[in-house]
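I have placed the structure first, in the form of structure tokens, so that the comments after it can refer back to it.
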Amino acid sequence: MPENLMDKLVSLCKRRGFIFQSSEIYGGVGSVWDYGPLGAELKKNIKERWWRSMVHERDDIEGLDAAILMHPKVWEASGHVAGFTDPLVDCKQCKNRFRADDPRLKGTPGEPDARCPVCGNKGTLTAPRMFNLMFKTFMGPVEEAAAVVYLRPETAQGIYVNYLNVLQSSRQKIPFGIAQIGKAFRNEITPGNFTFRTREFEQMEMQFFVKPGDDGKWFEFWKHERLKWLHDLGIRPEKLRFHQHGKDELAHYAKDAYDIQYEFPFGWQEFEGIHNRTDFDLSRHQQYSGKKLDYLDPATNERFVPYVVETSAGADRTTLVAMLDAYHEEELEGEKRVVLRFKPALAPIKAAVFPLVNKDGMPEVAKRLYDDLRRRFNVFYDDGGSIGRRYRRQDEAGTPFGITVDGQSIQDQTVTVRERDTLKQERVAAAQLDDYLAGRLAS
Ligand code: GAP
């Protein structure tokens with residue numbers, strides 16, 4: 001793969017309407033991105049697939065949609081007010097900012113020997129100061145300390161504070177889980193690499209509540225399940241690997257943690273984590289809220305605070321992985337073809353309908369076909385430019401099937417279906433197209 005794959009992807013995303021920089025007409029806002037028509041579809045498909053496999057296809061997981069704003073004490077109990085910090089170093093000369101653990105920093109920041117990696121000056125770096133990553137805002141009209149609330153930095157806490165509500169209303173028994181998808185916010189010091197590290201992002205998180213002692217078994221189970229889900233998404237297995245957290249990497253709540261990493265153009269990096277959070281969160285919420293959160297096992301009459309095995313995926317990072325993994329360049333008839341080889345079920349547009357030429361009854365037939373298909377699939381109609389150019393546009397959008405209405409279609413009511421990856425064309429009866437597509441899109 002070319003080393004500037006990220007640049008190519010960023011440019012394709014803008015050209016085809018996957019992802020735009022936020023507030024671009026004002027010069028953009030740092031590390032916040034907007035999903036355009038195709039990106040919104042792709043991310044939605046990924047989230048729906050996650051929801052289906054985690055919630056709909058399992059009897060032991062319930063869904064939740066908790067609010068972003070929560071009682072400020074939640075974040076004291078969770079440890080985020082005290083501990084969700086990064087050490088920050090400023091260069092007084094060039095005004096650049098770094099995390100103190102940035103490998104480019106040489107010497108001891110705050111001491112005369114330290115050198116700024118950007119401007120190269122010595123002695124201009126400040127001593128590290130701890131910087132909390134949570135965004136603060138105010139609830140109500142008065143901006144005072146008592147009114148401070150935070151934008152949640154993880155969706156998991158919405159699950160913990162609703163644990164009892166869900167347990168009681170759903171009549172679940174331990175082991176069981178709660179899943180949710182939602183926005184999270186972190187005032188990252190060094191965001192970057194497109195949508196990889198941003199200040200506003202979406203998480204797909206599931207907390208699985210188990211009996212202490214069973215946590216090891218469930219941890220292994222969820223590691224296996226989550227990797228399998230990514231294989232099913234069509235991500236190449238050789239681009240995925242686990243990374244176990246060393247003692248120095250473990251979050252304040254974790255007993256054990258594995259990242260699922262992808263080989264990004266900028267190296268192997270995490271885009272999902274499986275964490276054994278023990279009873280840390282529920283015990284702390286019990287302590288801070290004064291509300292009992294223990295569980296009475298009806299089978300054994302034992303009381304315990306459940307342990308939690310968490311699966312935590314970023315919807316944006318998973319979308320980025322899906323795009324990078326699908327990106328291919330090849331030579332076709334002496335020209336470069338860029339194609340996004342999404343698994344058909346993930347593709348933003350499922351099929352494009354083209355009249356070969358804009359005359360001889362072809363547009364009318366193609367339009368009718370398009371109106372028919374759109375009731376069931378996200379399809380696209382395109383009658384602009386040569387058929388070759390129309391195919392290329394859809395290749396870049398990752399559309400798996402191109403349906404062309406030509407002269408023969410008028411005679412025998414068949415159309416050609418072109419496959420994005422193999423470029424094979426076959427004739428299919430127009431009346432069968434609906435079922436044909438449904439079959440091909442099922443996986
Ligand atoms: N509840 C546990 C938790 O939040 P995390 O490892 O901090 O764990 C989980 O985050 C996932 O959320 C990451 O693997 C990543 O996909 C996504 N994520 C975290 N910070 C992000 C950021 N600044 N930008 C984009 N995605 C982020």
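As a basis for the values below, the full set of heavy atoms in this structure was taken, side chains included, without hydrogen atoms, waters or symmetry mates. Whatever order the structure lists them in is the order used to number ligands and atoms, beginning at 1.
- Each of L423, D395, L332 was evaluated against V339; a single residue qualifies, D395, per the side-chain contact (heavy atoms from CB on, under 4.5 Å) test.
- Of all atoms in ligand 1, listed by their number and element, those nearer than 4.0 Å to a heavy atom of F271 are 14 (O), 16 (O).
- H80 and W75 have perpendicular rings, their planes meeting at more than 60° on a 0 to 90° scale where under 30° would count as parallel.
- Residues F194 and W33 place their aromatic rings such that the two centres sit under 6.0 Å apart.
- Ligand-side atoms of ligand 1 in range of E154: 1 (N), 2 (C), 3 (C), 4 (O), range being under 4.0 angstrom from any heavy atom.
- In this structure, F84 does not count as a contact residue of ligand 1, since none of its heavy atoms falls inside 4.0 Å of the ligand.
- Separation of the W222 and F208 ring centroids falls under the 6.0 Å cut-off.
- Contact detail for N193 and L320: the closest heavy-atom pair is O-CD2, 4.3 Å.
- Within ligand 1, the atoms closer than 4.0 Å to a non-hydrogen atom of T198 are 22 (C), 23 (N), 24 (N), 25 (C), numbered from 1 in the order shown.
- For D316, the closest heavy-atom approach to ligand 1 does not fall below 4.0 Å.
- Y150 and F185 have their aromatic ring centers separated by at least 6.0 angstrom.
- Distances from ligand 1 to the non-hydrogen atoms of E202 include no value under 4.0 Å.
- When only interatomic distances are considered, the shortest N/O to N/O separation between T195 and ligand 1 does not fall below 3.5 Å.
- A ring-centre distance under 6.0 Å is found for F264 and F196.
- The shortest separation from a heavy atom of R277 to ligand 1 is under 4.0 Å, placing the residue in contact.
- Neither the backbone nor the side chain of F185 has any atom closer than 4.0 Å to an atom of ligand 1 (non-hydrogen atoms only).
- Listed by number with element, the atoms of ligand 1 under 4.0 Å from a non-hydrogen atom of F196 are 24 (N), 25 (C), 26 (N).
- Residue-environment remark: CG (D435) exceeds the threshold of 12 foreign heavy atoms within 6.0 Å.
- Under a 4.0 Å criterion applied to the non-hydrogen atoms of E205, ligand 1 contributes the atoms 1 (N), 2 (C), 3 (C), 4 (O).
- Of all the atoms in ligand 1, the ones that sit under 4.0 Å from a non-hydrogen atom of Y253 are 2 (C).
- F209 has its ring centre no less than 6.0 Å from the ring centre of Y307.
- Close approach to E310 involves these atoms of ligand 1, each under 4.0 Å from a residue heavy atom: 1 (N), 2 (C).
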